[in-house]
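Scroll down for the structure; my scribbles are underneath it.
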There are 2 protein chains.
Amino acid sequence: MSEQPDAAAAVDRVAGLLRARGDRMTGPRRAVITALAARRTHLTADQVVSAVAEQDASVHRASVYRTLETLSALGVVQHVHVGHGTTTYHLAGDHPHLHAQCSACGAVLDLPGSLLDSVSARLLAEHGFELDPSHVALSGLCADCRGRR
Amino acid sequence: MSEQPDAAAAVDRVAGLLRARGDRMTGPRRAVITALAARRTHLTADQVVSAVAEQDASVHRASVYRTLETLSALGVVQHVHVGHGTTTYHLAGDHPHLHAQCSACGAVLDLPGSLLDSVSARLLAEHGFELDPSHVALSGLCADCRGRR
DNA sequence: GTGTTTGCAAATGTTTTGCAGTGTC
DNA sequence: GACACTGCAAAACATTTGCAAACAC
């Protein structure tokens, strides 16, 4: 397991950010950061709750929600909306990439962050709209499900 | 008000589709189709409930949900996911277009359906993924909110 | 010690479901 | 007259909030 050092570093880094704002590093916050740092996949709120429970069963559901919100405001955590209203969370600072979800099987495909660059430029020039390509997952049919019809 | 003829035509068309499957055209279904045909904007489930209630207050919430699902399965109704889990519904067959939502103010921008054509082609060629550009709204900052920082 | 954060429990809001009665074909 | 569909009420989810106790600083 080589996730401990990463997680510890992330906790320290966030602790500094929190204190700079007059906020505090606490057990639940440590647990959420560690849980997110330990997995590569993005996690739903419920999956974060479970992952946190493995470390410390006394952390309450509501605290996980509040922590995710706090860390989002700090810019430490980002979320992606995939498909039917599921929100998934991950630590910011990972290599930027975007997602496409299969509307049939739910599989999520990771895509290069640059995929929408030309679209971004066009949206900005023509509509003044600044695209955030990683905030919502694209939708469509994956190769498997497409073959299956 | 020039929406009546469109709505009536839509109801008739859908009635045929329903009967072809052994299903039935009913009051609630008529009301949902009429409500969707009458507005140009996409409606949330709750807005459909309200719009339907204006026509026929006896139609129950749950029937609206069930109807939207039935009509989606028929291909008559499509839905778009915008931002934080809101789902909006509209009649299929309208000129195809896609959406971008401002993550700050929630405003929704309509965009040409062709905007993602080159991205679609690339996804298909490189990943076998068939993009459905209209199913999920893009996300970012609109011109107003961008100017506001 | 002060003020933030937490656990708890209850409230909220949305969508789903079981069932008996109603209405369409 | 069958069987699909509806209204109703309750359940199922996911997330939020008020509050007093607990903890970080």
Side-chain angles (χ1 to χ4, degrees), chain A residues 11-12 14-35 42-53 55-74 76-77 79-89 106, chain B residues 11-12 14-35 42-53 55-74 76-77 79-89 106:
Chain A
V11 168
D12 285 351
V14 176
L17 292 171
L18 284 168
R19 295 202 187 96
R21 293 207 337 182
D23 291 346
R24 294 159 188 186
M25 176 53 71
T26 64
R29 288 176 180 174
R30 230 185 306 270
V32 167
I33 296 164
T34 304
H42 305 227
L43 302 174
T44 64
D46 199 58
Q47 289 172 325
V48 176
V49 169
S50 301
V52 163
Q55 296 180 243
D56 180 350
S58 72
V59 175
H60 197 271
R61 256 189 119 62
S63 298
V64 171
Y65 279 95
R66 283 186 284 225
T67 296
L68 288 171
E69 194 187 320
T70 302
L71 297 182
S72 293
L74 258 188
V76 168
V77 160
H79 61 267
V80 182
H81 298 286
V82 297
H84 295 155
T86 320
T87 305
T88 63
Y89 298 86
Chain B
V11 168
D12 284 351
V14 176
L17 292 172
L18 283 168
R19 294 200 190 96
R21 293 207 335 179
D23 292 346
R24 294 159 190 185
M25 175 53 71
T26 64
R29 288 176 181 175
R30 230 183 307 269
V32 168
I33 295 164
T34 303
H42 305 227
L43 302 175
T44 63
D46 198 59
Q47 289 171 324
V48 176
V49 170
S50 301
V52 163
Q55 295 180 244
D56 180 349
S58 72
V59 174
H60 197 272
R61 259 189 117 60
S63 297
V64 171
Y65 279 95
R66 283 186 282 225
T67 296
L68 287 172
E69 194 189 318
T70 302
L71 297 182
S72 293
L74 258 188
V76 168
V77 162
H79 61 267
V80 182
H81 298 287
V82 298
H84 295 155
T86 321
T87 305
T88 63
Y89 298 85

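Residue numbering restarts at 1 for every chain, and letters A, B, ... go by the order of the sequence lines. Keep in mind that this is a model prediction, so the values were computed, not measured.
The nucleotide range of DNA chain D contacted by chain B, defined by atoms under 4.0 angstrom from heavy atoms of the protein and reported 5' to 3', is D:dC3 to D:dC8.
Between A:L43 atom CG and A:T87 atom OG1 the span is 12.5 Å, to the nearest 0.5 Å. The OG1 atom of B:T26 sits 8.0 Å away from atom CG of B:L18, with the distance rounded to the nearest 0.5 Å.
Per the geometry, CG belonging to A:L68 stands 15 Å off C1' belonging to C:dT6, to the nearest Å. For the pair A:D23 CG and C:dG3 C1', the computed distance is 11 Å after rounding to whole Å. A:R21 places its CZ atom 12 Å from the P atom of C:dT4, with the value rounded to the nearest Å.
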Item checked: Nucleotide-resolved protein contact map, nucleotides 15-21 of chain C, B/S/- at heavy-atom distance under 4.0 Å -> BBBB---
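Contact between the side-chain N/O atoms of B:R24 and the OP1/OP2 oxygens of C:dG23 is not found at any separation under 4.0 Å. Between A:T67 and C:dT5 there is no side-chain N or O to OP1 or OP2 distance below 4.0 Å.
Contact detail for A:Y89 and A:T44: the closest heavy-atom pair is CD1-C, 4.4 Å.
By the salt bridge (Lys or Arg N to Asp or Glu O under 4.0 Å) test, A:D56 is found to be paired with no residue, residues two or more places apart in sequence or in another chain being considered. With sequence neighbours left out, A:R19 forms a side-chain contact (heavy atoms from CB on, under 4.5 Å) with A:A15, A:M25. Evaluation of the side-chain contact (heavy atoms from CB on, under 4.5 Å) rule for B:Q55 yields B:A31, B:T34, B:A35 as partners, not counting sequence neighbours. With sequence neighbours left out, B:R61 forms a salt bridge (Lys or Arg N to Asp or Glu O under 4.0 Å) with B:D46.
Each of B:T26 and A:G27 was assigned the nucleotide of DNA chain C with the nearest heavy atom; the assignment lying further toward the 5' end belongs to A:G27.
Heavy atoms of A:S58 sit under 4.0 angstrom from primed sugar atoms or phosphate atoms, though from no base atom.
Between the side chain of A:R30 and the backbone N or O of A:V11, no donor-acceptor pair lies under 3.5 Å.
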